[in-house]
Structures are given as structure tokens and as C-alpha cells.
Amino acid sequence: MLESDDTRHMVKALRAWGVQITQGSSNDEVKLVSPPTFQPPPAPIDVGNAGTAMRFLTAAAALVPGVITLTGDRYMRRRPIGALAEALAQWGIKTRTEDGCPPITIDGSGTLASASITVQADLSSQFVSALLMVAPRAEGPVDILVPADIPAQGYVDLTVQMMAAFGVAPVRTESGYRVQGRYHAPESYAIEPDASTATYFWAAQALTKGHITLSGKGATMGDLQPDAASRALIERFPDFPERIDGAQMQDAVPTLAVMAAFVPRPVRFVGISNLRVKECDRIAVLRRELQRVQPDLAHEEGDALVIKGDPHLAPHAPETMIDPEGDHRMAMALALLGLRCEGITITEPDCVSKTFPGYWQALAQVGARLQRG
């Protein structure tokens with residue numbers, strides 16, 4: 001299991017609910033034993049900036065007989081969770097938020113009824129995944145209705161695949177999903193390598209015309225991970241298409257946008273409105289920080305991001321201070337500028353600990369010259 005802020009927050013929260021979690025000495029194996037009934041923790045649980053933990057725990061809190069409050073850092077407290085709270089209300093679960101954002105208080109009964117629930121998933125596929133994962137604990141069938149297309153549908157597909165390994169396979173319907181059945185505990189479940197993290201090194205290889213081999217223990221990376229689709233685009237560099245639809249590979253968009261700064265034609269990224277409600281407004285931050293490198297390098301057109309590529313950017317780029325606004329993916333993606341441009345400085349470099357504490361060491365391992373300020 002990756003040692004990162006996100007996983008630490010999830011482990012801490014589950015332990016507070018009475019789940020026994022034992023990690024092997026090398027983290028190759030993590031064993032979980034759940035109690036017959038979750039225990040309400042005595043104090044609010046702070047999940048930092050872990051959006052996955054916030055959303056999945058919010059739904060799971062319905063199974064806790066008592067009141068749970070989930071909160072987070074200043075970035076988390078402006079990320080929307082109202083659509084998930086509204087879906088839980090249809091299930092008879094009382095919640096309270098701060099204007100649709102965390103902190104959120106969930107008053108769970110410990111049981112869930114058979115129900116039909118509508119969830120607006122336009123801001124996050126995780127709202128759907130969260131409801132899917134708790135639905136097998138209901139007293140009967142649960143229909144989860146999704147009235148529009150789900151951005152990053154691949155993550156919901158991953159959720160369905162994982163649930164099938166635990167003995168429950170949600171059935172796709174015309175309007176969403178039907179969940180019927182109960183979980184069983186398999187002896188083991190292998191976690192795939194992370195395609196989102198791999199994008200930085202696929203990009204580093206393309207930008208430098210080098211060769212990087214990614215290896216690690218665990219399962220083989222599957223095609224269901226949305227960001228895995230970005231590899232085919234990255235391998236085309238610098239021959240990017242004029243239009244890239246990022247709806248189904250959202251976490252790869254920052255990496256692709258940075259690479260687009262060096263291609264010989266403008267590249268328009270569409271289908272990325274959800275990037276405005278990530279750890280920061282990623283569309284605005286990408287535009288702003290690329291403009292620091294060269295004023296006409298990027299601009300916004302509604303929720304689209306247009307990168308006006310310049311293959312001669314590197315020799316003329318000034319020394320630039322990049323502010324990722326505490327967003328791990330902004331820091332990791334924008335740092336790739338430094339593989340071609342001298343003088344790129346990333347503020348708040350430790351924000352990468354959210355998902356990849358060893359990022360800077362890994363960049364150094366493949367030959368990047370780094371200097372701590």
C-alpha cells in the first residue's frame with residue numbers, strides 16, 4: 001500500500017470506527033478485520049485534503065449507528081459534497097454541510113433500507129462509487145439512478161470490478177445501476193499500479209527523448225483506469241491532436257497540458273469542467289502558471305483550456321516561480337516544465353505527499369537535477 005497522506009487519512013478514519021488494520025513491514029500486504037458494527041468515533045475525523053476518503057467515508061457513515069462529523073483542511077472545505085448528501089437524504093440519512101461543502105455531519109442508523117436513489121454525478125464519479133460500495137449492506141435491492149453521463153466513468157467501472165471480486169456485481173441499467181446481494185471476504189485482493197502517477201514518467205520520457213522503465217510489485221495495470229488512456233497521446237508527442245477531450249482521463253490533463261506547451265500547434269482541452277472543483281481550480285491554475293513561463297502560452301475559453309504551443313519555448317523561458325496552490329497534481333505536472341526549461345521553481349513542494357511522497361526522489365533517480373530552496 002502506498003504510504004501517502006490520502007491512505008494515512010483513510011486508515012486513521014477506519015481505525016477510529018473500530019476496523020483493525022495491520023500493515024506488513026514493507027507494506028506489501030495490508031490486512032483488515034471489520035467489527036460486527038462500526039463504532040461512532042468520539043470526535044470529528046479530519047481527512048485533510050483526501051477527497052476520496054471524504055466521499056467514501058461519507059456514504060459508509062450511514063452504516064455507523066450514531067453521529068459522525070468529517071472535516072478537512074482549507075482546500076477540502078471548499079470542495080462540493082452536496083450531491084452526495086442529497087442522495088443519502090433520499091435513503092433516509094440525515095446530513096448537515098456547510099453550504100454543500102465539508103465539514104459534513106452524518107446521523108447514521110447502522111442500517112439501510114432497500115431504495116431507489118438519484119445522484120447527480122456531474123462533479124464527481126466518486127459520488128456514484130461511494131453509494132455503490134455501501135449498497136450491498138442494504139436490506140434489499142438498491143437502484144442508483146444517474147441522470148447524466150458520468151465524468152471519468154472508468155473509475156465507476158473499477159468500482160464495479162472490485163465489488164465483483166467481493167461477491168457483488170452491480171448490474172448496469174438504462175438509468176444507472178442495481179445492486180443486490182451481500183459481500184463476502186476474499187482471501188486477498190491485488191491493487192493495480194497507479195496510472196495517474198505513471199503519466200508523469202511517461203511524459204518525462206517523451207519530453208527528454210529518454211527511456212524510463214516503470215516497475216513495481218502488485219497487479220498489472222489494467223485498461224479500466226481512465227488515465228491509462230493518456231499513454232497513447234503522450235507517445236504521440238509532439239504530434240498532439242488539436243482537440244483533446246479530457247472527460248475520461250481528468251487527472252492526466254495537467255500532464256498533457258504541460259506537454260502541449262512544447263508542441264507546434266494550439267491544443268484545446270475540452271470536457272474538463274470538473275477540474276475546477278479538484279484540490280484547486282486546475283484550469284485556472286494551469287492557465288496562470290503557464291502564462292508565467294510565457295504570457296501567451298495558455299488561455300481559458302469557458303471551461304476549455306487552450307495551450308498555444310511553442311516548440312522553441314525552452315531556450316527563451318525565464319526563471320519562473322510556480323505556485324501549485326497546494327495541489328499535488330499541479331506540482332508534479334508543472335515540475336515537468338523544468339525538464340526543458342531552466343529555472344523552474346515549485347513552491348510548496350511537499351504537497352506531493354498527498355499521493356506520491358517520493359516524487360522528487362523519483363525525478364532525481366531518472367536524471368533530473370533538483371535543488372531544495
Closest non-hydrogen atom pair between M332 and Y359, with its separation:
O-OH, 2.7 Å
L145 reachable from I117 in the ILVMFWY side-chain graph, under 4.5 Å edges:
no
Under the criterion ring-ring contact (aromatic ring centres under 6.0 Å, His included), I'd like the reasoning laid out for Y189 against F166: C-alpha separation, chi angles, the key distance, then a yes or no.
CA-CA 9 Å; Y189 185 81; F166 284 74; 5.6 Å; yes
Would you say L214 and V366 are hydrophobically clustered, going by side-chain heavy atoms of ILVMFWY under 4.5 Å?
yes
Side-chain H-bond candidate by donor/acceptor type, Q126 with T52, under 3.5 Å:
yes
Contact between I283 and I272 at the side-chain level, heavy atoms closer than 4.5 Å - yes or no?
yes
Any ion pair linking R178 and D143 (charged N to carboxylate O, less than 4.0 Å)?
yes
Quick check: does any side chain N or O of T320 sit under 3.5 Å from a backbone N or O of P318, one acting as donor and the other as acceptor?
yes
In this structure, are over 12 heavy atoms from other groups packed under 6.0 Å from K308 atom NZ?
no
Taking atom types as modelled, find out whether D46 and T71 have a side-chain donor-acceptor pair closer than 3.5 angstrom.
no
How long is the gap from CD on E289 to CD1 on I346, to the nearest 0.5 Å?
8.5 Å
Taking C-beta and beyond as the side chain, do P65 and S109 meet within less than 4.5 Å on heavy atoms?
no
Heavy-atom count around D296 CG within 6.0 Å, excluding the residue itself: above 12?
yes
Taking every heavy atom of A85 against every heavy atom of T95, the minimum-distance pair comes out as CB-OG1, 3.4 Å
Where do P254 and R282 come nearest, in terms of heavy atoms and distance?
CG-CD, 4.4 Å
Identify which one of M330, E325, R79 satisfies the side-chain contact (heavy atoms from CB on, under 4.5 Å) criterion when paired with E279.
R79
Does the distance from a Lys or Arg side-chain N to an Asp or Glu carboxylate O, for E3 and R8, drop under 4.0 Å?
yes
Is a side-chain donor or acceptor of W91 paired with a backbone partner of A115 at a separation under 3.5 angstrom?
no
Y183 ring centre to R137 NZ or CZ under 6.0 Å, with the angle to the axis within 45°?
no
Output yes when R78 and E98 qualify as a salt bridge under the 4.0 Å nitrogen-oxygen rule, no when they do not.
no
Report yes or no: does E235 contribute a side-chain atom to a donor-acceptor pair with the main-chain N or O of A232 at less than 3.5 Å?
no
Sidechain-backbone polar pair: D107 side chain, V67 backbone, donor-acceptor under 3.5 Å:
no
Atom pair CG/CG of L339 and L337 - distance to nearest 0.5 Å
8.5 Å
Please confirm whether the backbone N or O of I212 pairs with a side-chain atom of Q205, one donor and one acceptor, at under 3.5 Å?
yes
Nearest heavy atoms of R265 and F240, plus distance in Å
NH1-O, 2.7 Å
Please find the pair of heavy atoms, one from V267 and one from F269, that lie closest to each other, and give the distance.
CG1-CE1, 3.8 Å
Quick one: does L256's side chain get under 4.5 Å of S230's, heavy atoms only?
yes
side-chain contact (heavy atoms from CB on, under 4.5 Å) test vs Q225 passes for just one of L158, D157, D251, namely L158
Answer yes when E342 and R369 have at least one side-chain N-carboxylate O distance shorter than 4.0 Å, and no when they do not.
yes
Evaluate the side-chain proximity of E86 to V119: yes if any heavy-atom separation is below 4.5 Å, no if none is.
no
Rounded distance [0.5 Å steps], OH in Y177 versus OG1 in T159
8.5 Å
Between I150 and D122, is any pair of side-chain heavy atoms under 4.5 Å apart?
no
In terms of hydrophobic clustering (I, L, V, M, F, W, Y; side-chain heavy atoms under 4.5 Å; direct or indirect links), are V171 and I144 co-clustered?
no
Just checking R74: does its CZ atom have more than 12 heavy atoms from other residues, nucleotides or ligands closer to it than 6.0 angstrom?
no
Is there a donor-acceptor pair closer than 3.5 Å between any side-chain N or O of R96 and the backbone N or O of I106?
no
Is there a path from V11 to V30 through hydrophobic residues (I, L, V, M, F, W, Y) whose side chains come within less than 4.5 Å of each other?
yes
Will you find, in the side chains of T69 and T105, an N or O donor that is under 3.5 Å from an N or O acceptor?
yes
About how many Å separate OG of S124 and OH of Y155, when rounded to the nearest 0.5 Å?
10.5 Å
Out of R182, H184, M163, which residue meets the side-chain contact (heavy atoms from CB on, under 4.5 Å) rule with P136?
M163
Please report the closest heavy-atom contact between L370 and W360, naming both atoms and the distance.
CD1-O, 3.1 Å
Sub-3.5 Å donor-acceptor pair from the side chain of R288 to the main-chain atoms of D323, do we have one?
yes
Note: D350-R372 ion pair, threshold 4.0 Å (strictly below)
yes
With a 4.5 Å limit on heavy-atom distance, are the side chains of P241 and L233 in contact?
yes
Taking P264's backbone N and O only, do any of them form a donor-acceptor pair with D310's side chain (distance below 3.5 Å, no angle check)?
no
Could you tell me whether D327 and K278 have a side-chain N and a carboxylate O separated by less than 4.0 Å?
no
Looking only at side chains, do D6 and T355 share a donor and an acceptor under 3.5 Å apart?
no
d(C280 SG, Y75 OH) to nearest 0.5 Å is 8.5 Å
Indicate yes or no: at least one non-hydrogen side-chain atom of F38 is less than 4.5 angstrom from one of V19.
yes
To the nearest 0.5 angstrom, please state how far the CZ atom of F237 sits from the CD1 atom of I234.
10.5 Å
Taking CD in Q90 as the centre, count heavy atoms belonging to other residues, nucleotides or ligands within less than 6.0 Å. Is the count above 12?
yes
Cluster link L32 to V134, ILVMFWY, side chain under 4.5 Å:
yes
E301 side chain to V306 main-chain N or O, any donor-acceptor pair under 3.5 Å?
no
Before accepting this row, confirm whether a basic side-chain N of the pair R276/E300 lies closer than 4.0 Å to the acidic partner's carboxylate O.
yes
May I have the step-by-step check of salt bridge (charged side-chain N to carboxylate O under 4.0 Å, His left out) for K354 and D5, ending in yes or no?
CA-CA 5 Å; K354 183 178 189 297; D5 292 347; over 6 Å; no
Mark yes when over 12 heavy atoms from residues, nucleotides or ligands other than E242 sit less than 6.0 Å from its CD; otherwise mark no.
no
Without swapping roles, check the side chain of S125 against the backbone of A121 for a donor-acceptor pair under 3.5 Å.
no
Does a salt bridge link D245 with R268, judged by any charged N lying under 4.0 Å from a carboxylate O?
no
Do the side chains of L57 and L14 get nearer than 4.5 Å, heavy atoms only?
yes
Between I322 and the options L290, V285, L334, T345, the side-chain contact (heavy atoms from CB on, under 4.5 Å) test singles out L334
Residues V270, I244; criterion side chain to side chain contact (heavy atoms under 4.5 Å, CB included); working and verdict
CA-CA 6 Å; V270 300; I244 294 177; over 6 Å; no
